[in-house]
Every structure is written in C-alpha cells, then in structure tokens.
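So the structure is just underneath, and the comments pick up after that.
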Amino acid sequence: MDFALTEEQSAIFDMAYAFGQEHIAPFAQEWEAAGTIPREIWTQLAELGLGGLYVSEESGGTGLTRLDATLVFEALSMACPSVAAFLSIHNMCAAMLDKFGSDDIKARILAPAITMEKLLSYCLTEPGAGSDAAALKTRAVRTNDGYTLNGTKAFISGGGYSDAYVVMCRTGDEGARGISTVVVENGAAGLSYGGLEAKMGWRSQPTRQVQFDDCAVPAENLVGTEGDGFKYAMAGLDGGRLNISACSLGGAQTALSQTLTYMGERKAFGKSIDQFQALQFRLADMEIELQAARTFLRQAAWKLDTKAPDATKFCAMAKCFVTETGSRVADQCLQLHGGYGYLSDYGIEKLVRDLRVHQILEGTNEIMRMITARQLLAERG
Ligand SMILES: Cc1cc2nc3c(=O)[nH]c(=O)nc-3n(C[C@H](O)[C@H](O)[C@H](O)COP(=O)(O)OP(=O)(O)OC[C@H]3O[C@@H](n4cnc5c(N)ncnc54)[C@H](O)[C@@H]3O)c2cc1C
C-alpha cells in the first residue's frame, strides 16, 4: 500500500493549482457578482487537457484516472469551488458521451466538448423528480426523423449558457428501464430556458430550468441504446460524487490556510489569537478532519478506478463525509475570522456558501446514506 502521489500526480495537482491561483482566484468574486464565468477560461482550461479529463485518449481526451481527476478538482477549488464544479459537470457529460455515444456523437459533440468550444450540461432533475430521479416525466416520442421531446428539467447548471444538454428522458414505461439519454443542442427548435435562479452559492454558474416544447431531436442524438439512459446517468454519478467531494476539500483547505494566516495577525487581549489553546485545538480538529477526508476520498477514487465491487458504496460514503467535513471546516474558519469572516472581502463567506450545495446535489447526503445502508444490509452475513 502506497499513499504517496506519483510524480505525475503531483505535477497534475501543481499545474491545476497554479492555473487556478493565476487565472481564477483573482476574479472569482467578480464572476460571482456578474453571475457568469467568461468563456475564455474554459478554452484555457481545455488547452491544459482539462476539457476531457477522463475521456479516453482514443477519443481525444486526457485519459486520466478518477483519482487524478480529484486532484484537479481539489486544486482548482482552492481558487473557486463554483468554477471547478462547473468543469466537473462538463466532464461528467463528456465521459458519458465517450463511454456510450456513437462515433457520430463523438465527432460532432464530444470533440468540441474536449476543446470546450462546446460546453455540456447534465439534465436529470425535474421539478417533480429530484432524489427519485427515475420518476422523471420528460418524454421523447419517436418520429420519422428522431424524437419529439416534451418536459422541463430543473436546477440545470449551465442552463442557457451551455451548448449541448445531455438529457435523461422517458422513451418507455414508468421506472428506470423506460429512460433514455439524448443530446439536445442549443438552438434546437422547441428548446427554451427559465429565468436565472437566485442562489445561495455557486453564483458564478448560471442555473436555469431547461424546457422542451415539441423539441425536435434527431435520431443520431440518442446516446447508446434506448432504455439504458438511467444506467448511463448513474454511471456518471459515482465519479461526479468524487469530484464534488474534491471541490469541498479544496475550498475548505483554502479556508483553513487563510485562517492560519489570519490568526497569526489578529490580536485580542494582548496576543495574536493563534495563542489561545482553545482555538489551537479547533485548528487541530480541522486539520485532522481534512486529512481524513482527503484519504477517504482518494481511497474511494481508487476503488472506482480499480472497479472494486463496493466502489459505489465508497463513492457515496466519501461524498457524505467529505462534503459535510468541508462545510463544517469552512464554517469554523468563518467563526475564527470573527466579524470579518462575514464580510465578502475575506472570501470565507463565499466558500461557506459555495460548499453548502455539495451536500444536496449529485444525490443528497440522505441518498448517500441510503446507498450506504442498503449495501451494508445486503452484505450482512
Ligand atoms: C445549485 C444546484 C445545481 C444543480 N445542478 C443540477 C444539474 O446540473 N443537473 C441536474 O440534473 N440536477 C441539478 N441539481 C439538482 C439536484 O441534483 C437536486 O436538487 C437533488 O438531487 C435533490 O433533489 P430535490 O431538490 O428535488 O430534493 P428532494 O428529492 O425533493 O428531497 C427533499 C429532501 O428529502 C430528502 N429525501 C428524499 N428522498 C429521501 C429518501 N428516500 N430517504 C431519505 N431522505 C430523502 C432529501 O435528501 C432532501 O433532504 C442542482 C441543484 C442545485 C441546488
């Protein structure tokens, strides 16, 4: 057993960290205020090979492992979790198209997605189907040329901003087996967007409903086989959970690093506040929790990479543990900044807001506990 990163893995982390510190961190608050991320940042990230992180090399991607990818997301989140998380969603979709899409989809949609000229969004959730995603109602009806799509997707990250939408929709009966995946490109007749959602965090990412009203989808835009769409959607999620956890880890690490500096500078009762043992213990607890979270996350990523039979359970457990640890640490860091932590200038309140949603999406943490408990009970001797 070797817990050390390889030289190559350290280089991947350092490259993403350096890019984030130079090109993302100084602008993160400005982009949050503007409610959007400049598109140039994506093409720059793609030039570093981050547009198709775990898309196979045969398809033009970078072919990294899931563990390598967590390093990228941890490092980029140290600059801004919202930007890093958007990249994660794009990559989750790209990997789905690589794994299950036809050669035609790979040429038309995946190739420009890898260069990030085309940004991808993942459309599973609906107003009436969140955790119970298999209850989705958006329906695709067969026509001579393909499908006519009707329905509404809710909370879509990149809604109205992305260039193509990977949409889970019903082509068959009720339940998971009646679900297929299609790609709907921006500009398709019958595709429209709801208003911009006002959110607590992830504010630089536009979130909107995505609506389909007799939207024409060509037959070539079906991903894989009809009826297998839910399987594809879930296949993307194990890795998505690792990425979101890495985003919590990176954000919380930044909060802790800034807090360490701040506590050496801030004085109260005649000494710097890092001299109070009660506060030193809080620092120690945060360090312990973050190191435990990092180790657990990397173990879960290794399970997914090695196709371990309990990989899904580990991804769920890690997602729960790391996202809750990340939020707790960021919140404690805000507390240790006193009133200044509450001001946007210090950047800590943004981290608290950005990290909070990681407990809700890619499956809520209640659903993560459900997956874990189900597996535990099934494994009972
Ligand atoms: C900022 C943001 C961005 C998002 N981006 C996307 C996106 O890009 N694409 C996409 O498809 N979706 C996206 N989502 C949607 C997200 O995945 C859902 O919000 C999430 O899956 C929860 O669904 P819900 O909101 O309908 O909550 P519900 O499913 O209604 O859950 C409500 C509460 O009940 C709990 N609960 C539900 N069922 C159970 C159960 N069986 N046992 C115990 N507890 C249960 C939940 O954990 C939660 O606490 C995004 C959400 C947000 C907030």
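First listed ligand is number 1; within each ligand, the first listed atom is number 1.
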Heteroatom proximity flag, [X] to ligand 1, N/O under 3.5 Å:
X	answer
L124	yes
W202	no
S131	yes

Look at [atom] and say which protein heavy atom is nearest, naming residue and atom and giving the distance to 0.1 Å.
atom	answer
atom 16 (C) of ligand 1	T125 OG1, 3.8 Å
atom 39 (C) of ligand 1	I367 CD1, 4.0 Å
atom 53 (C) of ligand 1	V357 CG2, 3.5 Å
atom 20 (C) of ligand 1	I360 O, 3.6 Å
atom 42 (N) of ligand 1	M370 SD, 4.1 Å
atom 2 (C) of ligand 1	L361 CD2, 3.6 Å

Salt-bridge criterion met for [X] and [Y] (N-O under 4.0 Å):
X	Y	value
R294	E74	yes
E126	R170	no
E324	R328	no
E197	R203	no

Would you say [atom] touches the protein, meaning some protein heavy atom is under 4.0 Å from it?
atom	value
atom 6 (C) of ligand 1	yes
atom 34 (O) of ligand 1	no
atom 28 (P) of ligand 1	yes

Shortest heavy-atom approach to [atom] - which of [options]:
atom	options	answer
atom 3 (C) of ligand 1	S157, A373, S162, S82	S157
atom 13 (C) of ligand 1	F86, F155, Y122	F155
atom 22 (C) of ligand 1	L237, D132, T364, D354	T364
atom 23 (O) of ligand 1	A135, G130, P127	G130
atom 48 (C) of ligand 1	R208, E366, M368	E366

*Could you tell me which atoms of ligand 1, counted from 1 in the order shown, lie closer than 4.0 angstrom to a heavy atom of K199?*
1 (C)
_Heavy-atom donor-acceptor pair, H90 side chain to G51 backbone, under 3.5 Å_ = yes
*Does K199 use its side chain to pair, donor to acceptor, with the backbone of Q205 at less than 3.5 Å?*
yes
*So do the side chains of L196 and T207 get within less than 4.5 Å of each other, counting heavy atoms only?*
no
*Only one of W202, Y161, W31 clears ring-ring contact (aromatic ring centres under 6.0 Å, His included) with F86; which?*
Y161
*Flag this pair as yes if the NZ/CZ of R177 is under 6.0 angstrom from the six-membered ring centre of F230 and inside a 45 degree cone about the axis; otherwise no.*
no
_Taking the six-membered ring for Trp, are F314 and F321 closer than 6.0 Å centroid to centroid?_
no
*Please say which of N243, T372, N365, D238 ends up in a side chain to side chain donor-acceptor pair (under 3.5 Å) with K319.*
N365
